[in-house]
Amino acid sequence: MCMVIFAPLFAIFAFATCGGYSGELRVSVACANKTESDLKIDVAFSYPFRLYQEVFTAPTCEGKRRETLYLIGDSSSSAEFFVTIAVFAFLYSLAATVVYIFFQNKYRENNRGPLIDFIVTVVFSFMWLVGSSAWAKALSDVKTSTDPDEVLLLISACKQKANKCMALRSPVMSSLNTSVVFGFLNFILWAGNIWFVFKETGWHSSGQRYPQENMEKQPSGYNQPFNQSGYSQDSYAPTGGYNQPEDVSQQPNLGQSGGYPPQPPFNQTGYAPSAPTSFANQM
């Protein structure tokens, strides 16, 4: 759910803050001859930051002649790569949202949908990391090239001590800084979604199924019945004849010699009749 909500939103912020940027800096050149001075020299630049194409003019402090200058640097490849990733990530996240909501059965059919989604998520995670890192380095170069103090070094009149050059205004880079932040947030978001997409694939299901089957095949003494374990009741029973079942017909005759005398029958009162005196004296 977080992927569905935040992925398109973060992608929009990433390419909007970078692709829609335009900035401007201002410097002034005060010549020894005041009539030749130019106190408001504006230098504009914008995406895709081909700074070597950004042109401006400045006085030479030698009559009315002006010189044409260009900024230094080219960060277009990193900027365009970053914006391209953001646009494609936005489009894919929208398409994935539609599939998740309206075509859930087709998505899970034959495990093809989760597998494709997993591969694309891994690729976008890697691309966000590469693109954000490259754009962060390119932005550092853009800041250096558009620093008013660095721009003043390009003006030939500023190399003469009789002239005074000043930096009046630096470009605002807050939106470009925001684009870098959203680039790494997109990387964290897509990388964190890898695990959730992996759980939908058959690889995760098969990885859980096989260990359970192996555990069921392995015998365990704790899961066996008590009479099948190594400790049975027979090991504790004595070897005498008291615990061995015998047929009634095989029991010895208690009336014969060597056996026990037969027990007298009980009367109706529940007490056995007393034995003869002679038998008692023999005992």
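Note that these values count all heavy atoms, side chains included, but never hydrogens, waters or copies made by symmetry. For clarity, every value in this text was computed on a predicted model and none was experimentally measured.
Counting only residues at least two apart or in different chains, salt bridge (charged side-chain N to carboxylate O under 4.0 Å, His left out) contacts with residues 144-171 comprise Glu24-Arg169.
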Worksheet item: What's the verdict on side-chain contact (heavy atoms from CB on, under 4.5 Å) for Lys143 and Asn177, showing C-alpha distance, side-chain angles and the deciding distance?
Response: CA-CA 11 Å; Lys143 290 180 178 180; Asn177 295 331; 2.8 Å; yes
Worksheet item: Is there a side-chain contact (heavy atoms from CB on, under 4.5 Å) between Leu168 and Ser28 once you walk through the steps?
Response: CA-CA 7 Å; Leu168 299 180; Ser28 66; 3.8 Å; yes
Worksheet entry | Step-by-step side-chain contact (heavy atoms from CB on, under 4.5 Å) determination, Asp42 to Phe56 | CA-CA 8 Å; Asp42 294 327; Phe56 65 98; over 6 Å; no
Worksheet item: Step by step, would you call Ser132 with Asn186 a side-chain contact (heavy atoms from CB on, under 4.5 Å)?
Response: CA-CA 9 Å; Ser132 300; Asn186 275 284; over 6 Å; no
Practice prompt. Report the C-alpha separation of Trp190 and Phe10 in whole Å, then their side-chain angles, then the decisive distance to 0.1 Å, and conclude whether the ring pair (Phe, Tyr, Trp, His ring centres under 6.0 Å) test is met.
Written response: CA-CA 11 Å; Trp190 285 81; Phe10 283 10; over 10 Å; no
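By the criterion of side-chain heavy atoms lying less than 4.5 angstrom apart, applied directly or through intervening Ile, Leu, Val, Met, Phe, Trp or Tyr residues, Leu152 is not grouped with Leu39; the two fall into different hydrophobic clusters. A single hydrophobic cluster is seen to contain both Leu91 and Ile12, as judged by linkage of ILVMFWY side chains at heavy-atom distances under 4.5 Å, directly or through other members. Tracing side-chain contacts under 4.5 Å through hydrophobic residues (I, L, V, M, F, W, Y), one reaches Val123 starting from Ile85; they form part of the same cluster. Hydrophobic clustering, with ILVMFWY side chains joined whenever heavy atoms are under 4.5 angstrom apart, keeps Tyr52 apart from Tyr47. Residue Ile188 is grouped with residue Phe124 when hydrophobic side chains (ILVMFWY) are merged at heavy-atom distances under 4.5 angstrom, including chains of intermediate members.
Side-chain N or O atoms of Thr144 include one that pairs as donor or acceptor with a backbone N or O of Ser140 at under 3.5 Å. With hydrogens and angles disregarded, no donor-acceptor distance shorter than 3.5 Å links the side chain of Ser46 to the backbone of Ser22.
Phe15 is not listed as a side-chain neighbour of Ser179, based on a closest heavy-atom distance of 4.5 Å or more. Taking 4.5 Å as the limit, some side-chain heavy atom of Thr146 sits within range of a side-chain heavy atom of Met173. Using a 4.5 Å heavy-atom cutoff, the side chains of Val98 and Leu94 are not in contact. Contact of the Val83 side chain with the Trp135 side chain is not registered, since no non-hydrogen atoms from C-beta on lie closer than 4.5 Å. By the 4.5 Å heavy-atom criterion applied to side chains, Phe81 and Val130 are counted as neighbours. The shortest distance between side-chain heavy atoms of Ile72 and Leu154 falls below 4.5 Å. In this structure, the side chains of Pro59 and Glu36 stay at 4.5 Å or more apart for every pair of heavy atoms.
Each of Cys158, Cys165, Pro148 was compared with Val27 under the side-chain contact (heavy atoms from CB on, under 4.5 Å) criterion, and only Pro148 meets it.
Shown here for Val142 and Leu51, the closest heavy-atom pair between the two residues is CA-CD1, 4.4 Å. Minimum heavy-atom separation, Val29 to Cys61: CG1-SG, 4.1 Å. Pairing each heavy atom of Ile41 with each of Ala58, the nearest pair is CD1-CB, 4.0 Å. Of all non-hydrogen atoms in Ala136 and Val180, the two that sit nearest each other are CB-CG1, 3.9 Å. Residues Ser125 and Phe187 come closest through the heavy atom pair O-CD1, 3.1 Å. Of all non-hydrogen atoms in Ala14 and Trp128, the two that sit nearest each other are CB-CH2, 4.0 Å.
Shown here are the side chain to side chain donor-acceptor pair (under 3.5 Å) partners of Ser156, two or more places apart in sequence or in another chain: Glu67. Legend: residues meeting side chain to side chain donor-acceptor pair (under 3.5 Å) with Gln53, ordered by chain and number and at least two apart, are absent.
Relative orientation of the Phe182 and Phe13 rings is tilted, given thresholds of 30° and 60° on the angle between their planes. The aromatic rings of Phe45 and Phe49 sit tilted relative to each other, their planes meeting at an angle between 30° and 60°.
Atom CG of Asp141 is separated from atom OG of Ser75 by 5.0 Å, given to the nearest 0.5 angstrom. To the nearest 0.5 Å, atom CG of residue Asp38 and atom OG1 of residue Thr57 are 7.0 Å apart. Here CD1 of Ile119 is found 12.0 Å from CD1 of Ile194. Values are rounded to the nearest 0.5 Å. Taking CG of Asn193 as the reference point, atom CZ of Phe118 lies at 10.5 Å (rounded to 0.5 Å).
Within 6.0 Å of the OH atom in Tyr92, the count of heavy atoms belonging to other residues, nucleotides or ligands exceeds 12.
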